[in-house]
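Presented below is the structure to which this report refers.
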Amino acid sequence: MKSYSYFCSTRIEMGAGKSKELPTLLHSIGEGSSILLVSDPGVIRAGLVAPIQAALESAGYRVSLFDKLSQNPRDIECLEGATKFRDVSADMVVAIGGGSAMDTGKAIALCGPNGGTPADYADGRLAYENIAPIICVPTTAGTGSEVTRSSVITESTTHRKMTLKHAALRPTLAVLDPVLTYSVPASVTAATGVDALVHAIEGYTCKVTNPISQALGVKAMKTIVSALPVAYADGQHEAARHAMLEGSLLAGLCFGSTDVAAVHCLAEALGGMYDTPHGIANSVFLPHVLRFNAAENKAMHADLARYMGFAVDADSDEQAVEKLITGIADWTAGLQIPKLKDLPGVKEEDFPRIVELSMKNGSTPSNVRTIRADDYLRILEEAYRA
């Protein structure tokens, strides 16, 4: 019997209209009065930030806005945000947006009080300490960053995606308001939703999983597979939007105390090189990695197929695995996720570099089946031909 631990210190507030309660919630946790609000230009243009900022200022908080973010956050942006954090004497970071805003917010809360670069922490040169309180208000259903200990940042000079990972990076407070996701475009809804599904699958299957994470992962998988096509077709569907935000949260709680694996390693390499949206990158590799992993873990992947409704109990494990792989491919096709060969900038001559970056990713050892460079290359080639 293996030992395991599970930890999540984040206070979670979930429900329609919860974002309006943010000033009261912040007052209850008593973390100071000066806020660096981190968000991206798209979320600001959608009108999601101004009401929250106005409510905070009306409640007596001093709010400064930082919005220089990319869809795949870069270290140089985090450092600029960290400088602003110090310049305005911020006490805490409130991140409003998707994964880019929340991951950038975490890096700012780390580097702002302490100095250094994201690489200093990712590579172990500086300790994770004295981190400012982080409050996350997600506007997409996908990343789960509002409850995880991780922040993924691209190193501008090398295109390496670095994972900052420490329990102290878990947000103090997560405020999940499904209403904030209503205006998310269908393409972003699809991509972020697939990202959440991959979190649940890899958190469930990885070598460092545990029974608590697996229970959360099963619920997340069932929820996302059912709700995402509905939310994709009708962004105003109240029940589907609520279910997706909850599914993303559960998936974050699933992998947040375990790890991701090979799908993410490939996706992060792709994102680092071409700035490919993370959910799309996950989607193009998911069925191919599932086939690779299922070859040595048939019973586990047959269970995944049954959890997600692609197979039934009467199916043999072999039948269930095939239904899992074809079912996932058909499901993502219904969301109009593009193929690898159709993504901007992707070239076969870059495959060795993608393999190199994937092998260097700290989550490669967590993949349920041991994966080597030639395996990554074969998966890339299969995905490109699909």
Any chance CZ of Arg372 has more than 12 other-residue heavy atoms, nucleotides or ligands included, within less than 6.0 Å? no
Report the C-alpha separation of Glu322 and Arg291 in whole Å, then their side-chain angles, then the decisive distance to 0.1 Å, and conclude whether the salt bridge (charged side-chain N to carboxylate O under 4.0 Å, His left out) test is met. CA-CA 8 Å; Glu322 284 305 312; Arg291 184 177 293 281; 3.2 Å; yes
Determine whether Thr10 and Glu146 satisfy the following criterion, side chain to side chain contact (heavy atoms under 4.5 Å, CB included), listing intermediate values before the conclusion. CA-CA 8 Å; Thr10 304; Glu146 68 272 11; over 6 Å; no
Tell me whether Lys84 at atom NZ has more than 12 heavy atoms from other residues, nucleotides or ligands lying less than 6.0 Å away. yes
Please examine the side chains of Asp259 and Lys165, heavy atoms only from C-beta on, and report whether any two atoms are closer than 4.5 Å. yes
Criterion salt bridge (charged side-chain N to carboxylate O under 4.0 Å, His left out) on Asp317 and Arg306, from CA distance to verdict: CA-CA 10 Å; Asp317 285 355; Arg306 298 183 183 107; 3.1 Å; yes
Can a side-chain donor-acceptor contact be found between Asp103 and Ser145 if the only test is distance below 3.5 angstrom? yes
Six-ring centre of Phe292, Arg369 cation under 6.0 angstrom, axis tolerance 45°: yes
To check you understand the geometry: which heavy-atom pair defines the closest contact between Ser34 and Val88, and what is its length? OG-O, 3.5 Å
Answer yes or no: are there more than 12 heavy-atom neighbours, outside Glu381 itself, under 6.0 Å from its atom CD? yes
His166 and ring-ring contact (aromatic ring centres under 6.0 Å, His included): which partner among Tyr121, Phe7, Tyr128? Tyr128
Check against side chain to side chain contact (heavy atoms under 4.5 Å, CB included), Gln53 and Ser39: CA-CA 11 Å; Gln53 182 172 354; Ser39 192; over 6 Å; no
Should Ile212 and Ser257 count as side-chain neighbours, where that means a heavy-atom distance under 4.5 Å? no
Taking atom NZ of Lys68 as the centre, does the number of heavy atoms from other residues, nucleotides or ligands within less than 6.0 Å exceed 12? no
Determine the minimum heavy-atom distance between Glu155 and Ala119, stating which atoms define it. OE2-CB, 3.8 Å
Are Lys347 and Asp350 within salt-bridge range, i.e. N to O under 4.0 Å? yes
Closest heavy-atom pair, Leu176 versus Pro138, reported as atoms and distance to 0.1 Å, is CG-CG, 3.9 Å
Assess the side chains of Thr364 and Tyr376: does a donor N or O sit below 3.5 Å from an acceptor N or O? yes
Where is the tightest heavy-atom contact between Thr148 and Pro171, given as atom of each residue plus distance? O-CD, 3.6 Å
Looking at Lys20, I want to see if its NZ is surrounded by more than 12 non-hydrogen atoms of other residues, nucleotides or ligands under 6.0 Å. no
Given side-chain hydrogen bond (donor to acceptor under 3.5 Å, both in side chains), test Thr117 with Asp120 step by step and report yes or no. CA-CA 5 Å; Thr117 68; Asp120 287 329; 3.3 Å; yes
Under the side-chain hydrogen bond (donor to acceptor under 3.5 Å, both in side chains) rule, what do Thr332 and Lys339 come out as? Steps first, then yes or no, please. CA-CA 10 Å; Thr332 54; Lys339 300 287 188 179; over 6 Å; no
Should Asp177 and Val137 be marked as a side chain to side chain contact (heavy atoms under 4.5 Å, CB included) after you check the CA-CA gap, both sets of side-chain angles, and the distance that decides it? CA-CA 8 Å; Asp177 185 344; Val137 185; 5.7 Å; no
Ser316 and Lys298: side chain donor to acceptor below 3.5 Å: no
Pair Glu77, Ser70: side-chain N/O donor-acceptor within cut-off below 3.5 Å: yes
Side-chain heavy-atom pair Pro41, Arg45 within 4.5 angstrom cut-off: yes
Which word best sums up how the rings of Tyr204 and Tyr307 line up, parallel for under 30°, tilted for 30 to 60°, or perpendicular for over 60°? perpendicular
Lys18 versus Leu25, closest heavy-atom pair with distance: O-CD1, 4.5 Å
Testing the 3.5 Å rule here: is there a donor-acceptor pair between the side chains of Asp195 and Thr192? no
